[in-house]
Student: 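Take this structure, written in structure tokens, and hold onto it; I'll ask about it next.
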Amino acid sequence: MKLGFIGTGALSSAIVAGLKTLPGDTTSVILSPRNEAIAAGLAARFADVTVAADNQAVLDASDMVMLGVRPQIARDVLSGLRFRPDHHVVSLIATFSCAEIAAMVGPVKRLTKALPMPMIAIRKGPTILFPPDPEVAAFFGRLGNAIEVTSESEFDALSVATATYASYFKYLETIHGWLKDHGVDEAKGRDYVSSLFAALGQAPETTPESFAHLAADYATRGGINEQVLRELTEHGTFERLTESLGGIHRRITGAS
């Protein structure tokens with residue numbers, strides 16, 4: 001397979017890094033020159049990654065094409081390109097529907113939406129796909145966990161969860177900052193918080209219970225977990241989170 005990328009930002013870079021560090025991978029990768037520094041860095045790092053002269057050259061040399069451009073410029077970037085009917089287009093643009101992408105790529109007959117997470121660079125985490133496609137599922141399955149969904153509405157709802165990354169790290173940063181303010185060495189505190197939450201992240205995989213059940217299990221009556229959970233709940237923290245998720249969903253789906 002010859003794999004092309006229109007747009008060479010952080011997510012495209014992560015996919016290439018995850019793919020090309022797989023032992024024995026022989027996929028030819030052709031990159032857009034739009035982000036020159038990232039594209040040149042990947043080409044220098046991996047022997048079978050090249051940078052095309054322009055976006056049309058990416059299309060001309062590729063079988064599967066991943067669209068990794070920002071939604072704000074996607075229409076301008078894609079409107080002047082000549083896609084072939086046999087191109088398999090994989091859109092990484094979360095805020096555009098399949099119908100919107102299809103209108104931009106002309107005669108293309110195979111179109112898939114995919115949403116990986118940045119940790120795909122080390123072959124971790126899920127990638128959601130719509131519509132189900134065995135070739136795309138096999139590709140992303142080598143780089144983590146491929147999850148095929150059967151409706152675009154389900155894809156959009158799952159996409160909303162990806163809007164929580166920064167808030168998660170701000171949560172960890174708040175804990176880390178509190179530890180520093182109370183005399184804990186910065187590096188030691190970071191290692192502890194990282195290890196603690198990495199271990200907690202394994203709980204849903206090892207305990208087949210709902211998240212609500214896990215929250216109740218960890219909130220021992222009269223204990224310190226119960227206190228923090230109660231105080232955050234009383235301050236409306238989780239209600240505000242639900243409201244934010246709703247706003248992101250409206251933004252992704254274009255609902256008013």
Side-chain angles (χ1 to χ4, degrees), residues 9-18 21 35 37-38 41 68 70-72 92 94-95 115-128 140 143-145 147 155-253:
L11 192 53
S12 295
S13 177
I15 294 171
V16 173
T21 52
N35 191 319
I38 292 178
R70 290 181 290 112
Q72 297 91 330
L92 308 175
T95 55
L115 190 58
M117 62 182 294
M119 296 305 284
I120 198 170
I122 57 171
R123 297 186 292 281
K124 298 287 187 181
T127 297
I128 53 174
F140 283 108
L143 306 179
N145 182 21
I147 301 174
F155 184 98
D156 290 341
L158 288 168
S159 298
V160 172
T162 68
T164 61
Y165 299 163
S167 300
Y168 170 74
F169 288 117
K170 180 63 177 178
Y171 184 83
L172 301 191
E173 190 274 334
T174 301
I175 298 170
H176 183 221
W178 188 93
L179 292 174
K180 287 193 295 181
D181 290 345
H182 287 76
V184 177
D185 174 76
E186 182 172 356
K188 189 177 295 182
R190 186 185 189 282
D191 286 347
Y192 179 73
V193 172
S194 297
S195 180
L196 176 65
F197 281 87
L200 283 174
Q202 303 302 309
E205 298 180 14
T206 59
T207 307
E209 298 173 340
S210 68
F211 291 114
H213 197 143
L214 286 169
D217 281 350
Y218 280 77
T220 304
R221 182 174 299 180
I224 57 178
N225 268 272
E226 183 192 51
Q227 179 179 336
V228 173
L229 177 60
R230 182 184 68 252
E231 291 173 357
L232 290 177
T233 301
E234 289 172 350
H235 281 88
T237 303
F238 304 109
E239 291 178 1
R240 300 291 84 78
L241 175 59
T242 299
E243 290 175 4
S244 292
L245 295 176
I248 297 301
H249 188 254
R250 291 189 292 274
R251 178 178 174 182
I252 287 175
T253 60

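Quick note: numbers below take in every heavy atom, side chains included, and nothing from hydrogens, waters or symmetry partners.
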Student: Just wondering, are more than 12 heavy atoms of other shown residues or ligands nearer than 6.0 Å to OH in Tyr165?
Tutor: yes
Student: How long is the straight-line distance from CD1 of Ile120 back to OG of Ser13, given to the nearest 0.5 Å?
Tutor: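 Rounded to the nearest 0.5 Å, the OG-CD1 separation comes to 11.5 Å.
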Student: More than 12 foreign heavy atoms under 6.0 Å from NZ of Lys188: is that the case here?
Tutor: no
Student: What's the shortest heavy-atom distance between Pro126 and Ile147, and which atoms?
Tutor: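 Result for this residue pair: CB-CD1, 3.9 Å.
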Student: For Leu245, is there any backbone N or O sitting under 3.5 Å from a side-chain donor or acceptor partner on His249?
Tutor: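 No, because the side chain of His249 does not come within donor-acceptor range (under 3.5 Å) of the backbone of Leu245.
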Student: Please give me the minimum heavy-atom distance between Ile175 and Val193, naming the atom from each residue.
Tutor: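 Scanning both residues, the minimum pair turns out to be CG2-CG2, 4.0 Å.
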Student: Might you point out which heavy atoms bring Lys124 and Met117 nearest each other, and give the distance in Å?
Tutor: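 Closest heavy-atom pair between Lys124 and Met117: O-CG, 4.1 Å.
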Student: So do Glu231 and Gln227 actually touch side chain to side chain, heavy atoms under 4.5 Å?
Tutor: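 The answer is yes, as the side chains (C-beta and beyond) meet within the 4.5 Å cut-off.
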Student: To the nearest 0.5 Å, tell me how far Phe197 CZ sits from Tyr168 OH.
Tutor: 6.5 Å
Student: Check the pair Leu229 / Thr233 against side-chain contact (heavy atoms from CB on, under 4.5 Å), numbers first and verdict last.
Tutor: CA-CA 6 Å; Leu229 177 60; Thr233 301; 4.0 Å; yes
Student: Minimum heavy-atom separation for Thr220 to Glu226, with atom names?
Tutor: O-CB, 3.4 Å
Student: Do Leu115 and Phe155 make a side-chain contact, defined as non-hydrogen atoms from C-beta onward lying under 4.5 Å apart?
Tutor: yes
Student: Side-chain contact, heavy-atom cut-off 4.5 Å: Ile15 with Phe140?
Tutor: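 Contact flag for Ile15/Phe140 side chains = yes.
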Student: Is Arg190 atom CZ crowded by more than 12 heavy atoms from other residues, nucleotides or ligands, each under 6.0 Å away?
Tutor: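 Atom CZ in Arg190 is not crowded, with 12 or fewer foreign heavy atoms closer than 6.0 Å.
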Student: Which distance, rounded to the nearest 0.5 Å, do you find between the OG of Ser159 and the CD1 of Ile252?
Tutor: 5.0 Å
Student: In Å, rounded to the nearest 0.5 Å, how long is the span from CD1 of Ile248 to OG1 of Thr164?
Tutor: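 Output value for this atom pair is 10.0 Å.
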Student: Would you mind reporting whether Pro116 and Leu143 have side-chain heavy atoms less than 4.5 Å apart?
Tutor: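 No; the side chains remain at least 4.5 Å from each other.
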Student: Ignoring hydrogens, what is the shortest heavy-atom contact between Pro118 and Ala14? Give both atom names and the distance.
Tutor: O-CB, 3.5 Å
Student: Using 0.5 Å steps for rounding, measure from the CG atom of Leu158 to the CD1 atom of Ile128.
Tutor: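 Leu158 atom CG to Ile128 atom CD1 measures 5.0 Å (nearest 0.5 Å).
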Student: Does His182 use its side chain to pair, donor to acceptor, with the backbone of Trp178 at less than 3.5 Å?
Tutor: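 Yes, because the side chain of His182 sits within donor-acceptor range (under 3.5 Å) of the backbone of Trp178.
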Student: To the nearest 0.5 Å, what is the distance between OG on Ser167 and CG on Leu172?
Tutor: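 The OG atom of Ser167 sits 11.0 Å away from the CG atom of Leu172.
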Student: Is Tyr192 close to Asp185 at the side-chain level, that is, under 4.5 Å between some pair of heavy atoms?
Tutor: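 The answer is no; the side chains never approach within 4.5 Å.
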Student: Above 12 or not: heavy atoms from other molecules or residues under 6.0 Å from CZ of Arg230?
Tutor: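 Yes, the 6.0 Å shell around CZ holds more than 12 heavy atoms from other groups.
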Student: Do you know the tightest heavy-atom contact between Ala121 and Thr21?
Tutor: O-OG1, 4.3 Å
